[in-house]
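These notes are about the structure you will find just below.
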There are 2 protein chains.
Amino acid sequence: MPIRLTSQRTAILTIINGSSAHWDAESVLQALQQSGQRIGVATVYRTLAVLEEATLIGSVFINERKCYERIDKQQHDHLLCSQCGCIEEFCHPYIAVLQSEMAQAHGFVAHNHSLIIRGLCRDCQS
Amino acid sequence: MPIRLTSQRTAILTIINGSSAHWDAESVLQALQQSGQRIGVATVYRTLAVLEEATLIGSVFINERKCYERIDKQQHDHLLCSQCGCIEEFCHPYIAVLQSEMAQAHGFVAHNHSLIIRGLCRDCQS
DNA sequence: ATGTTTGCAAACGCTTTGCAACGTG
DNA sequence: CACGTTGCAAAGCGTTTGCAAACAT
């Protein structure tokens with residue numbers, strides 16, 4: 001059973017795929033309501049879960065909160081400014097190596113990882 | 001103003017320092033209540049925050065939940081089994097390098113990071 | 001004695017659920 | 001037409017807060 005295409009699902013997918021930002025449920029709701037879309041909170045939560053389940057969007061935990069992002073890029077990780085909250089993405093070839101190396105050393109089979117580096121961005125190093 | 005030593009604080013510190021486990025607020029509360037300690041929920045939350053603030057304990061986000069752990073060891077990261085939930089710790093010298101390397105490349109000053117590798121532990125690879 | 005910490009219960013914020021109406025395939 | 005999806009409002013859950021009593025220093 002493929003997932004049905006509804007206006008709400010399209011709208012959410014469009015918002016998330018159309019930016020490189022990191023969206024929590026509330027921001028998605030606000031963005032939709034401000035653009036005139038009729039949508040309820042419950043639908044936002046349910047839809048985000050459905051879309052993630054279908055790997056149409058990805059998610060990261062940022063500041064103790066689940067955020068969704070578009071998934072069209074290669075696997076990447078995040079730099080987070082603890083002052084202003086801005087986020088930069090980066091890729092480092094060695095992380096994949098490290099992931100399987102460490103997993104193997106402990107008898108694990110690795111599936112994925114999440115790495116967040118916290119610090120101060122350029123503008124916040126006053 | 002040094003933090004005051006109360007029986008509740010001692011008890012929580014003892015529990016966390018006495019094991020290498022990862023404790024969320026609820027587990028701490030249960031462990032204390034089962035050992036006969038009189039303590040309330042609010043105190044557990046407040047105390048964990050105080051102890052972390054004082055860097056007497058550390059914390060990690062595991063499965064979308066804040067967990068506390070003892071802080072006497074060197075900086076380490078975590079392997080998490082997505083099946084049974086067991087956790088292994090590991091250290092890898094290159095992670096620190098990677099952290100400052102990536103930070104520098106984006107104009108950040110890095111403070112710390114959190115890395116969690118998810119996969120299947122030995123016992124769950126049926 | 002003073003100011004901090006505690007427990008309780010109420011308040012909170014975010015997320016999930018039940019259900020009837022709606023809309024997609 | 002059938003059944004998945006939606007909105008609403010209520011319920012749920014973990015966490016935080018206000019306050020008077022208890023306690024460490």
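Since we're looking at a predicted model, the values are computed, not measured. Residue numbers start from 1 in every chain, and the chains themselves are labelled A, B, ... in the order their sequence lines are given, proteins ahead of strands.
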Does a side-chain N or O from [X] land closer than 4.0 Å to OP1 or OP2 of [N], or not?
X      : N       : value
Q8(A)  : dG7(D)  : yes
T6(B)  : dT6(C)  : yes
R65(B) : dC13(D) : no
R38(B) : dT5(C)  : no
R9(B)  : dT4(C)  : no

Nearest-Å distance for atom pair [atom1]/[atom2], residues [X] and [N]:
X      : N       : atom1 : atom2 : result
Q37(A) : dT5(D)  : CD    : P     : 17 Å
R46(A) : dC19(C) : CZ    : P     : 13 Å
I3(B)  : dT6(C)  : CD1   : P     : 10 Å
Y68(B) : dG14(D) : OH    : P     : 15 Å
D24(B) : dG14(D) : CG    : P     : 9 Å
K66(A) : dG13(C) : NZ    : C1'   : 18 Å
L32(A) : dT6(D)  : CG    : C1'   : 14 Å

Handout entry: Whichever of G40(A) and R4(A) has its nearest DNA chain D nucleotide further upstream toward 5'
Key = R4(A)

Exercise for the section: Would you sort out whether E89(A) and H22(A) count as a side-chain hydrogen bond (donor to acceptor under 3.5 Å, both in side chains), showing the intermediate values? Expected result: CA-CA 11 Å; E89(A) 304 185 341; H22(A) 299 81; 3.2 Å; yes

Handout entry: Per T43(B) side chain, nearest of listed nucleotides dG7(D), dT6(C), dT5(D)
Key =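 Comparing dG7(D), dT6(C), dT5(D) against the side chain of T43(B), the answer is dT6(C).
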
Practice task
Determine yes or no for a side-chain-to-main-chain donor-acceptor pair under 3.5 angstrom, with T43(A) supplying the side chain and I39(A) the backbone.
Solution key: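 Checked: no pair found.
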
Problem - Main-chain N/O of D24(B) paired to R65(B) side chain as donor or acceptor, under 3.5 Å - result: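 No, because the side chain of R65(B) does not come within donor-acceptor range (under 3.5 Å) of the backbone of D24(B).
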
Handout entry: Between T47(B) and Q8(B), a side-chain donor and acceptor under 3.5 Å
Key =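 On atom types as modelled, these side chains do not qualify, holding no pair under 3.5 Å.
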
Handout entry: Donor on one side chain, acceptor on other, R70(B) and N17(B), under 3.5 Å
Key = no

Completion exercise
The answer to which of L5(A) and E26(A) contacts DNA chain C further toward the 5' end, by nearest nucleotide, is E26(A)

